[in-house]
Trainee: 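Below you will find the structure I want to go over with you.
Quick note: numbers below take in every heavy atom, side chains included, and nothing from hydrogens, waters or symmetry partners. Letters A, B, ... are given to chains in the order of the sequence lines, protein chains preceding strands, and every chain is numbered from 1.
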Protein chains: 2
Amino acid sequence: MNEQLARSGLHQQIGFALRQASSAVWSDLVATLAPFDLRPQVYATLLIVEANAGCKQQDIADALGIHRPNLVALVDDLVARNLIERSVNAADRRSYSLVLTDEGKAHLDAARAAHKVHEGRIAKALGSAPHSGLIDALTNLAKIGTPR
Amino acid sequence: MNEQLARSGLHQQIGFALRQASSAVWSDLVATLAPFDLRPQVYATLLIVEANAGCKQQDIADALGIHRPNLVALVDDLVARNLIERSVNAADRRSYSLVLTDEGKAHLDAARAAHKVHEGRIAKALGSAPHSGLIDALTNLAKIGTPR
DNA sequence: TATTGTTATACTCTATAACTATA
DNA sequence: TATAGTTATAGAGTATAACAATA
């Protein structure tokens, strides 16, 4: 941000502070997971399927806070890569039962290790007084990925 | 989120918590500003121009953390609506000098009143102990707009 | 050379409507 | 009727490359 620019009060407002912090952290997460060919939502899907073996796509959409149609291509891709297995749910043949494959579990474990490093960067960005105030914390978060 | 769904640890992770909180607050802000025909970034642009009369588009892009091409249509629209005035900067004829019109100032003031109400909703969602922890705060924020 | 604004373009994420198959 | 998955489509928001005008 241009330091000469007078304060418009923008970065004191929770909506914009959240937006910028979220954007910065998301970008860092995208870069973190890229070596594993995983987008954040795809990684999250693997986490959810791991913790909820046999869940259906609707469950994942709810957990991610998005709509069902947006999960279709995502799950298709995971199945094509043999990271999850999609089988018809015998009890209710409208839905699928999703489970991690062994390969999916191994891939998730590798990505999780990288994610841990990412969380470390966040902790560092939050500084030594993470509870000193939400705006301060978010302002610091928004600086993730900025050369220091 | 499906309450039956076992915890995948997802909502304990800052990246996803931020994402969901940001999304919820942003949606609330969009709805708040809609009656004024302003998107959040357009409203933010008015705030920046008000606090930095004579600034150029590049300044706004920097403040918003976006790239210059994405501001062109936005500023065009504000000029067409007679909310800001764009005049050639005599000192550097490459750039424009942006200032609020009287109409723009009045429109911004009206929107700002609505924005205050939105901030009240956020304060309420944050609860009475806003500093008790970042994740808790964000989890509460993510519930904005959810029927309680 | 570097910067400002611009145009054209593309990608990600998310939303809605309508279909199918099952219940 | 309602639900799960799907298809097609649309919209916001942001990104990059390349150009003209100006410095």
Trainee: Taking atom P of dT14(C) as reference, at what distance in whole Å does atom CG of Leu71(A) sit?
Mentor: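 Rounding to the nearest Å, CG of Leu71(A) and P of dT14(C) are 10 Å apart.
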Trainee: With no hydrogens and no angle check, just 3.5 Å: does a side-chain donor-acceptor pair link Gln57(B) and Arg68(B)?
Mentor: no
Trainee: Of Arg94(A) and Asp76(A), whose nearest nucleotide on DNA chain D comes first from the 5' end?
Mentor: Arg94(A)
Trainee: Output the rounded distance in Å from NZ (Lys56(B)) to P (dT22(D)).
Mentor: 16 Å
Trainee: Tell me the closest heavy-atom pair linking Gly15(A) and Trp26(B), and the distance in Å.
Mentor: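 Scanning both residues, the minimum pair turns out to be O-CE3, 4.4 Å.
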Trainee: Hey, can you tell me if Phe36(B) and His107(B) have their rings parallel, tilted or perpendicular (30° and 60° cut-offs)?
Mentor: perpendicular
Trainee: Is the backbone N or O of Arg19(B) less than 3.5 Å from a side-chain atom of Ser23(B), with the two atoms forming a donor-acceptor pair by type?
Mentor: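 Absent.
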Trainee: Round to the nearest Å and state the distance from Ile84(B) atom CD1 to dG5(C) atom P.
Mentor: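 Value for this atom pair: 11 Å.
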Trainee: Could you check which of dG5(C), dA4(D), dT14(D) has an atom nearest any side-chain atom of Arg19(A)?
Mentor: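 Out of dG5(C), dA4(D), dT14(D), the nucleotide with an atom closest to Arg19(A)'s side chain is dT14(D).
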Trainee: Find every protein N or O atom lying less than 3.5 Å from an N or O atom of nucleotides 15-18 of chain D, and list the pairs.
Mentor:
{"unit_1": "dA15(D)", "atom_1": "N7", "unit_2": "Asn70(B)", "atom_2": "OD1", "d": "3.3"}
{"unit_1": "dA15(D)", "atom_1": "N7", "unit_2": "Asn70(B)", "atom_2": "ND2", "d": "3.2"}
{"unit_1": "dA15(D)", "atom_1": "N6", "unit_2": "Asn70(B)", "atom_2": "OD1", "d": "3.1"}
{"unit_1": "dT16(D)", "atom_1": "OP2", "unit_2": "His67(B)", "atom_2": "ND1", "d": "3.3"}

Trainee: Measure from CZ on Arg39(A) to P on dC11(C) and round the result to the nearest Å.
Mentor: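 Going from CZ in Arg39(A) over to P in dC11(C) covers 12 Å.
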Trainee: Using only side-chain N and O atoms of Gln41(A), determine if any of them is under 4.0 Å from OP1 or OP2 of dT14(C).
Mentor: yes
Trainee: Check the distance between dT12(C)'s P and Leu74(A)'s CG and give it to me in whole angstrom.
Mentor: 12 Å
Trainee: Side chain of Thr101(A), backbone of Asn82(A): donor and acceptor closer than 3.5 Å?
Mentor: yes
Trainee: Check whether Asp59(A) reaches the backbone of Lys56(A) with its side chain - one donor and one acceptor, N or O, closer than 3.5 Å.
Mentor: yes
Trainee: Reckon Trp26(A) has a side-chain N or O less than 4.0 Å from the OP1 or OP2 of dT12(C)?
Mentor: no
Trainee: Tell me: CG of Asp92(A) to C1' of dT3(D), nearest whole Å?
Mentor: 8 Å
Trainee: Side-chain N or O of Gln57(B) less than 4.0 angstrom from OP1 or OP2 on dT4(C)?
Mentor: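 So the side-chain polar atoms of Gln57(B) never come under 4.0 Å of the phosphate oxygens OP1 or OP2 of dT4(C).
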Trainee: Calculate the interatomic distance between Arg68(B) atom CZ and dT6(C) atom C1'; express it in whole Å.
Mentor: 13 Å
Trainee: Are any of Arg86(A)'s side-chain N or O atoms less than 4.0 Å away from OP1 or OP2 of dT6(D)?
Mentor: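 For dT6(D), OP1 or OP2 has a side-chain N or O of Arg86(A) closer than 4.0 Å.
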Trainee: Treating His115(B) as the side-chain partner and Thr32(B) as the backbone partner, does any N or O pair qualify as donor plus acceptor under 3.5 Å?
Mentor: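 Not a single qualifying donor-acceptor pair exists.
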Trainee: Any N or O donor-acceptor pair linking the side chain of Arg93(B) to the base of dT22(D) at under 3.5 Å?
Mentor: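 No, no donor-acceptor pair under 3.5 Å.
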